[in-house]
Amino acid sequence: MSSIEETQRELGITLDSERMPRHIAIIMDGNGRWATQRGLPRAMGHAQGYVTIQGIAQACSDLGVGALTLYAFSTENWRRPKDEVDALMQLIEYALRQEVPTLQKNKIRLQTIGRIWELPQSLQDTIAEITAETAQNSKLILNLAINYGGRREILDAVQEASRRVLDGEIDRDAITEEYFSNLMYTAGLPDPDLLIRTAGELRVSNYLLWQIAYSEIHVTSTLWPDFGDADLIKAIADYQSRIRKFGTVPPPVGS
């Protein structure tokens, strides 16, 4: 029995493998609070959050989730103290390099979304190298949102669509929802079925604003460094308990 199966047994929860979310997005909140509560520097909270990412990526892979998108660093996070930002950049680069063997072993493919070209050059190089190294892996897409902002993503897509129209590449009427979705950073990925936010905050924080139009939202008070397999299973069970209508009338009972 695998670790994730054992946790389901302990919780008395059996997830439906046929109704597993294809794509889970997570707002990983609470690293700083976790550290502060323990009298530790905020950077230690981010380091513990990295450990959590390892476990949750593995759990999603074991459960058969196709894609996991994690909000690692927002465009607004540059406003934080410089020493914290520098530590985060270094941690992301270190963590990525450390995880290559695990990504390869578990057939996890790394992708990133956001304004990657604005990151420190060494981090850009690391992302490019590992993205290429894991490109053929097919079990789980681990998609890190780094220097990401939902409004900026939409503006970038609008500007690209406008350029194509002005250059005569496409007609304005060709810009359908499907066409526009393919101009987003997440092109090629299904929209998230489930959005999880940790640390109890009730906002989406400029995250995947276009893509979460019909995502089911699950909020937990658990701080991200404490988020484990049991929390993930409860979130997916909550998702599977809902009827997804997408603006339509739900089917009759028994149909």
Going by atom types only, do [X] and [Y] share a side-chain donor-acceptor pair under 3.5 Å?
| X | Y | answer |
| --- | --- | --- |
| Asn106 | Ser61 | no |
| Glu178 | Asn182 | no |
| Trp210 | Asp191 | no |
| Asp125 | Ser122 | no |
| Glu153 | Gln211 | yes |
| Tyr50 | Glu99 | yes |
| Gln48 | Asn31 | no |

(request) Run through Ile56, Thr112, Leu68, Thr69 and flag the one making a side chain to side chain contact (heavy atoms under 4.5 Å, CB included) with Leu142. (result) Leu68

[Y] side chain reached by [X] side chain, heavy atoms, under 4.5 Å:
| X | Y | answer |
| --- | --- | --- |
| Pro21 | Ile236 | yes |
| Asn77 | Val85 | no |
| Ile146 | Phe73 | yes |
| Tyr239 | Ile24 | no |
| Gln104 | Thr134 | yes |
| Ile92 | Thr126 | no |
| Leu183 | Arg164 | yes |
| Ile175 | Val165 | yes |

To the nearest 0.5 Å, tell me how far [X] [atom1] sits from [Y] [atom2].
| X | Y | atom1 | atom2 | result |
| --- | --- | --- | --- | --- |
| Ile13 | Ile233 | CD1 | CD1 | 7.0 Å |
| Ile53 | Cys60 | CD1 | SG | 11.5 Å |
| Ser3 | Asp229 | OG | CG | 5.0 Å |
| Leu144 | Leu110 | CG | CG | 5.5 Å |
| Leu194 | Met20 | CG | CE | 11.0 Å |
| Leu119 | Glu93 | CG | CD | 10.0 Å |

(message) Classify the ring geometry of Tyr71 against Tyr207: parallel below 30°, tilted from 30° to 60°, perpendicular beyond 60°.
(response) parallel

(message) Here's a test for you: under side-chain hydrogen bond (donor to acceptor under 3.5 Å, both in side chains), which of Arg242, Lys234, Gln240 qualifies with Asp238?
(response) Arg242

[X] side chain to [Y] main-chain N or O, any donor-acceptor pair under 3.5 Å?
| X | Y | result |
| --- | --- | --- |
| Asn137 | Ile108 | yes |
| Thr198 | Asp29 | yes |
| Thr52 | Pro225 | yes |
| His23 | Pro190 | yes |
| Asn147 | Ile116 | no |
| Glu129 | Arg97 | no |

Looking only at non-hydrogen atoms, find the nearest pair between [X] and [Y] and report the distance.
| X | Y | answer |
| --- | --- | --- |
| Leu209 | Tyr148 | N-OH, 4.3 Å |
| Ile27 | Arg203 | CD1-O, 4.1 Å |
| Leu232 | Ala59 | CD2-CB, 3.7 Å |
| Leu208 | Ala25 | CD1-CB, 3.6 Å |
| Leu223 | Ala199 | CD2-CB, 3.7 Å |
| Ala161 | Ile170 | O-CD1, 4.4 Å |

(request) Kindly indicate, with the supporting measurements, whether the criterion salt bridge (Lys or Arg N to Asp or Glu O under 4.0 Å) is fulfilled by Arg9 and Glu5. (result) CA-CA 6 Å; Arg9 188 189 67 79; Glu5 291 171 332; over 6 Å; no

Within a reach of under 6.0 Å around [atom1] of [X], are more than 12 heavy atoms found that belong to other residues, nucleotides or ligands?
| X | atom1 | value |
| --- | --- | --- |
| Met44 | CE | no |
| Arg151 | CZ | no |
| Glu169 | CD | yes |

Check whether [X] and [Y] end up in the same hydrophobic cluster, where Ile, Leu, Val, Met, Phe, Trp and Tyr are linked by side-chain heavy atoms less than 4.5 Å apart.
| X | Y | value |
| --- | --- | --- |
| Leu123 | Trp78 | yes |
| Leu103 | Ile26 | yes |
| Ile212 | Ile154 | yes |
| Phe227 | Leu11 | yes |
| Leu63 | Leu189 | no |

(request) Any chance you could lay out the side chain to side chain contact (heavy atoms under 4.5 Å, CB included) test for Ile217 and Arg197, step after step, and finish with the verdict? (result) CA-CA 8 Å; Ile217 300 176; Arg197 177 153 195 161; 5.8 Å; no

(request) Please lay out, stage by stage, how Asn206 and Glu76 fare under the test side chain to side chain contact (heavy atoms under 4.5 Å, CB included). (result) CA-CA 9 Å; Asn206 197 23; Glu76 291 75 29; 3.2 Å; yes

(message) Using salt bridge (Lys or Arg N to Asp or Glu O under 4.0 Å), reason through Glu118 and Arg152 one step at a time and then give a plain yes or no.
(response) CA-CA 13 Å; Glu118 296 176 347; Arg152 184 66 259 179; over 6 Å; no

